[in-house]
Amino acid sequence: MLAAGTFAQSTYSAIWFGVAVMAPFLRDRDHLSIAQTGFLISSSLVGSLVSLIPWGLATDRIGERLILFSGLATGGAGLVGAAFVHGFWPLAGLLAAAGATGASVQSASGRAVMHWFAPAQRGLALAIRQTAIPLSGFAASLALPPIVHAGGVRWGFVTLGAACLAGAVVGALVLREGPRPDLPAGAPLGPAPIRDRRIWRLSIGSGLLIAPQLCVAGFTVLYLHDRRGMSPGGAAAVLAVMQALAVGGRISAGRWSDLRASRLAPLRAVALAAFVFVTLMTLLLDAPLPLLVPVLVIAGVLSMSWNSLSFAAAIELAGHARSGSAIGLQQTLLNGPGAAYPGLFGALVAASSWHVGFAVVAVFPLVGWRVLKALPG
């Protein structure tokens, strides 16, 4: 169950990383500006904004399997379609459509994993499930450059689409509804997630924390290639190392939260550490690569190590019956600013410099820490 949910999520997450890895190739082929490239990277997140809450409500009502299969399979078909178009607007439209439909995996796979694990194991289980994101980044960083070199960007998108179709099939075959807790008849369910101020504060704080994740990881390949002269393959290898280490970071954070019996205390600690290392990375942008790259990797790892903590906190605040809608709301509030960050970052870099762009990004996890500090736990 955990493996199927993780695999399905990884195929969807690979859309974002796939575009980030292919960014130099897309820029050369379609003559894109840095700002256009940034918006293209975030197109799948833009698409998910309109669908995450409806997918979450549908998951609570219908169940995980049908929702995951129908959405992820449709998203895969959209990616295959992206292989046959050129230019900023057609690509942005198809990537947004793939993001909107494939986003069903967020609520469906997360809800399934949550239901099969007790609270004392849930932090680790959801952390393993959330390793889908760095795992997909690792796989995309290694696999896509040689595929694109051999067959062009078209085959890169075909690969991403085929992966989503495979994730949809595996999810449909394996996922099952988890055991439900025995609630007394007429027991209150608690406030709906959309009316729960705690989930709103958690989601807003997390929406600030995601800025360095999207801008550091999302622009690593482009920065190292355009600014520091690394080959696309070499820059992608740096991103692959970052993603591989982020897998361990997410698992460690999840296990830490189980031992502490708290999701929020580790979440706040990771936020502060991300602020420190993104700031240090900004100061070292012009340093020799042997000095910059390790700090860049650590900053990226810290920026990607917290997601499962926020994910677990949201569904535990909402409870079993409303976990799908809680995930939908939380992911919408993350993806809203998340969709804007790469494009705005690209525009800021184009108007000023990489130093200014990363310096601004470093402030976001600090503000997020302040927002989360008001939550008990």
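Just so it is clear, the structure is predicted and the values come from calculations on it, not from any experiment.
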Taking R201 for its side chain and V371 for its backbone only, find out whether a donor-acceptor pair lies under 3.5 Å.
-> yes
Residues D286, R227: salt bridge by 4.0 Å N-O rule = yes
Do S310 and Q330 meet the criterion of a side-chain donor-acceptor pair at a distance under 3.5 Å?
-> yes
Answer with yes or no whether the hydrophobic clustering places L32 together with V85; edges join I, L, V, M, F, W, Y residues whose side-chain heavy atoms lie under 4.5 Å apart.
-> yes
Non-hydrogen side-chain atoms of M22 and L144 separated by less than 4.5 Å | yes
Within the side chain of R250, is there an N or O that forms a donor-acceptor pair under 3.5 Å with the backbone of Q130?
-> yes
Answer yes or no: is there a donor N or O on one side and an acceptor on the other, between the side chain of Q36 and the main chain of S33, under 3.5 Å?
-> yes
Look at the side chain of H225 and the backbone N and O of S231, then say whether any donor-acceptor pair between them is shorter than 3.5 Å.
-> no
Beyond-backbone contact of P365 with V278, side-chain heavy atoms, under 4.5 angstrom = no
Please round to the nearest 0.5 Å and tell me the distance separating atom CG of L334 and atom OG of S206.
-> 5.5 Å
F138 ring center near F17 ring center (under 6.0 Å) = no
Step-by-step side chain to side chain contact (heavy atoms under 4.5 Å, CB included) determination, H355 to L283 | CA-CA 8 Å; H355 287 82; L283 296 174; over 6 Å; no
With rounding to the nearest 0.5 Å, note down the distance linking CZ in R260 to CZ in R255.
-> 14.0 Å
Spacing of I204 atom CD1 and I199 atom CD1 [to the nearest 0.5 Å] | 12.0 Å
Within 6.0 angstrom of F277 CZ, more than 12 heavy atoms from elsewhere = no
With no hydrogens and no angle check, do the side chains of N307 and Q213 hold a donor and an acceptor under 3.5 Å apart?
-> yes
Side-chain polar contacts of residues 153-168 - donor-acceptor pairs under 3.5 angstrom, sequence neighbours left out - could you list them?
unit_1	atom_1	unit_2	atom_2	d
R154	NE	A83	O	3.1
T159	OG1	W155	O	2.8

If we only count heavy atoms from C-beta on, is the I327 to F311 side-chain gap below 4.5 Å?
-> yes
Do any N or O atoms from the side chain of R228 and from the backbone of L285 form a donor-acceptor pair under 3.5 angstrom?
-> yes
Assess the pair Y223 and W354: is the distance between their ring centroids shorter than 6.0 Å?
-> yes
Is a side-chain donor or acceptor of W200 paired with a backbone partner of I194 at a separation under 3.5 angstrom?
-> yes
Q106 side, atom CD; S48 side, atom OG - distance, nearest 0.5 Å = 7.5 Å
Do V174 and R65 come close enough that some side-chain heavy atom pair is under 4.5 Å?
-> no
S136 side chain reached by T11 side chain, heavy atoms, under 4.5 Å = no
Any chance you could measure L375, atom CG, to L264, atom CG, to the nearest 0.5 Å?
-> 5.5 Å
Inter-residue atom distance L296.CG - T220.OG1, 0.5 Å rounding = 4.5 Å
Under the side chain to side chain contact (heavy atoms under 4.5 Å, CB included) rule, what do I298 and L245 come out as? Steps first, then yes or no, please.
-> CA-CA 9 Å; I298 294 172; L245 293 176; over 6 Å; no
T37 vs L26 side-chain heavy atoms within contact, under 4.5 Å | no
Does D196 use its side chain to pair, donor to acceptor, with the backbone of R198 at less than 3.5 Å?
-> yes
Ignoring hydrogens and geometry, is there a side-chain-to-backbone donor-acceptor pair from T101 to G75 under 3.5 Å?
-> yes
Taking the side chain from S252 and the backbone from G249, do they hold a donor-acceptor pair closer than 3.5 Å?
-> no
Sort out for me which residue in F39, W16, F219, F364 forms a ring pair (Phe, Tyr, Trp, His ring centres under 6.0 Å) with Y341.
-> F364
Evaluate the side-chain proximity of L289 to M230: yes if any heavy-atom separation is below 4.5 Å, no if none is.
-> yes
Basic-acidic side-chain contact under 4.0 Å: R263, D258 = yes
Could you tell me whether the side chain of W55 and the main chain of A100 form a donor-acceptor pair under 3.5 Å?
-> yes
Residue of the set T59, I67, D60 for which side-chain contact (heavy atoms from CB on, under 4.5 Å) holds with S107 | T59
Do R122 and L126 come within less than 4.5 Å of each other through their side chains, counting heavy atoms only?
-> yes
